[in-house]
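So the structure is just underneath, and the comments pick up after that.
Only this structure's heavy atoms are used, side chains among them; waters, hydrogens and symmetry mates stay out. Per chain, numbering begins at 1; letters A, B, ... match sequence-line order. Since the model is a prediction, treat every value here as computed from it, not as a measurement.
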2 protein chains.
Amino acid sequence: MENKRTDCEAINIDIVEKVRPKMPEMNLLYELSDFFKVMGDSTRIQLLWALEESEMCVGDLAVLLNMTKSAVSHQLKVLRVAKLVRAEKKGKNVYYSLNDHHVKLILEKALEHVCE
Amino acid sequence: MENKRTDCEAINIDIVEKVRPKMPEMNLLYELSDFFKVMGDSTRIQLLWALEESEMCVGDLAVLLNMTKSAVSHQLKVLRVAKLVRAEKKGKNVYYSLNDHHVKLILEKALEHVCE
DNA sequence: TTGACAATTGAACAGTTGTTCAATTATAAT
DNA sequence: ATTATAATTGAACAACTGTTCAATTGTCAA
């Protein structure tokens with residue numbers, strides 16, 4: 001289970017024990033940090049930002065971001081696995097679109113944060 | 001400036017050119033992704049979560065998270081550099097507290113996202 | 001069927017990240 | 001002054017990440 005360990009005693013054991021029950025479960029914690037990890041890449045933010053404006057296929061996104069199709073496709077896969085975008089095949093092309101309304105809100109809040 | 005490059009032509013050049021002016025500046029993009037990178041670690045989320053409940057010193061946080069003081073201190077430094085927490089020396093101890101009201105909101109939104 | 005194009009894939013690479021360990025700084029108590 | 005405790009620091013290490021490159025899949029048009 002827990003393989004880390006402290007190397008000290010608590011200074012204010014009362015505070016620690018008051019806070020402990022408020023801490024989130026490890027499971028939730030990993031889901032949260034995994035979500036932020038996905039957001040923590042400038043290429044993926046660009047992709048989400050672009051798809052907020054319009055659905056687009058891989059080639060268009062590659063031109064827009066000035067990257068190779070391969071690099072874009074790899075990152076779209078990350079976003080797809082994280083369920084932030086979805087893919088739809090139309091003829092020869094695969095069109096990507098946003099799959100989650102929370103993302104826009106979170107991006108806006110983060111924007112407020114970095115802009116202040 | 002730009003050292004990446006496409007390996008293809010746009011399929012829908014009209015869409016690409018319609019979206020292009022809406023794209024954020026590289027500068028802003030990096031600030032955004034840097035912020036999410038900081039949030040994208042379960043240890044740092046635990047620290048922020050704990051400090052939302054009460055300010056605490058390094059030793060208490062180490063006990064609470066069951067980690068070494070060193071590991072906690074390293075991560076607190078990351079949060080300090082990102083201006084998400086601030087440190088105040090009180091006698092023998094250094095007390096850390098939240099330094100940004102946006103963080104709580106963003107954590108809540110992210111929580112809504114991963115919980116649905 | 002053949003050829004061209006769109007997209008995906010996996011391996012490889014360099015660059016980055018988080019924890020550990022040992023050493024160090026700084027404060028408080030004796 | 002000396003000792004003990006709190007916290008920070010830097011180097012080292014393994015684990016992870018993002019892009020490139022080359023090869024592959026699947027679809028359309030001729």
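Proximity of A:R44 to the phosphate of D:dT17: no side-chain N or O atom is located under 4.0 Å from OP1 or OP2. The phosphate of D:dA6 has neither OP1 nor OP2 within less than 4.0 Å of any side-chain N or O from B:Y96. Phosphate proximity of D:dT8 to B:K77: absent, as no side-chain N or O sits under 4.0 Å from OP1 or OP2. In terms of phosphate contacts, A:T43 brings a side-chain nitrogen or oxygen within less than 4.0 Å of OP1 or OP2 of D:dT19. Remark: A:S70 is not in phosphate contact with D:dT20, judged by side-chain N or O atoms under 4.0 Å from OP1 or OP2. Under 4.0 angstrom from either OP1 or OP2 of C:dT20 there lies at least one side-chain N or O belonging to B:T68. In this structure, B:N93 reaches the D:dA7 phosphate: one of its side-chain N or O atoms is under 4.0 Å from OP1 or OP2.
A straight line from CG of A:D41 to C1' of C:dT16 spans 12 Å, rounded to a whole angstrom. Separating the NZ atom of A:K69 from the P atom of D:dG18 is a distance of 22 Å, rounded to the nearest angstrom. Between the NZ atom of B:K92 and the C1' atom of C:dT27 there is a distance of 8 Å, given to the nearest Å. As rounded to whole Å, 14 Å separates atom C1' of C:dA23 from atom CG of A:D7. Atom C1' of nucleotide D:dG26 and atom CD of A:E88 are separated by 17 Å, given to the nearest angstrom. Rounded to an integer number of Å, the gap from A:N12 CG to D:dT5 P is 16 Å. Going from atom CE of B:M56 over to atom C1' of D:dA6 covers 16 Å, rounded to whole Å. Between the P atom of D:dC16 and the OH atom of A:Y30 lies a distance of 12 Å, rounded to the nearest Å.
Among the candidates B:N99, B:L105, B:L107, the single residue satisfying the side chain to side chain contact (heavy atoms under 4.5 Å, CB included) test with B:V103 is B:L107.
Shown here for A:V19 and B:S54, the closest heavy-atom pair between the two residues is CG2-CB, 4.1 Å. For A:K69 against A:G59, the heavy-atom pair with the smallest separation is CG-CA, 4.2 Å. Here the shortest heavy-atom pairing between B:R44 and B:K37 reads NH2-O, 3.2 Å. Annotation for A:L32 and B:A110: closest pair CD2-CB, 3.7 Å, computed over non-hydrogen atoms. Nearest heavy atom pair, residue A:L64 against residue A:A50, reads CD2-CB, 3.6 Å. Between A:A62 and B:C8, the shortest heavy-atom distance links the atoms CB-SG, 4.0 Å.
Comparing D:dT8, D:dA7, D:dT20 against the side chain of B:R80 picks out D:dT8 as the nearest. For B:V58, whose side chain is taken as the heavy atoms from C-beta onward, the closest listed nucleotide among C:dA7, C:dT19, D:dT8 is D:dT8. Residue B:V94 places its side chain closer to D:dA7 than to any other of D:dA7, D:dT20, C:dT19. In the set C:dA6, C:dT17, D:dG18, the nucleotide with an atom closest to the side chain of B:K37 is C:dT17.
Ranked by how close their nearest DNA chain C nucleotide is to the 5' end, B:Q75 and B:K89 are led by B:Q75. The residue among B:Y95 and A:K90 whose nearest nucleotide of DNA chain D is located toward the 5' end is B:Y95.
No salt bridge links A:K109 with B:E108; every basic N to acidic carboxylate O contact stays at or beyond 4.0 Å. The existence of a salt bridge linking B:E55 and B:K90 is confirmed by a sub-4.0 Å separation between a basic side-chain nitrogen and an acidic carboxylate oxygen.
Contact annotation for A:I11: backbone-only contact, meaning every heavy-atom pair under 4.0 Å involves sugar-phosphate atoms and none involves a base. At a threshold of 4.0 angstrom between heavy atoms, the contacts of A:C8 with the nucleic acid are absent.
Stem analysis of DNA chain D (Watson-Crick or G-U pairs, both distances under 3.5 Å, runs of at least three) returns C:1-30 with D:1-30.
Residue B:H74 and nucleotide D:dT9 are classified as a stacked aromatic pair, their ring centres being separated by less than 5.5 Å at an interplanar angle below 30°.
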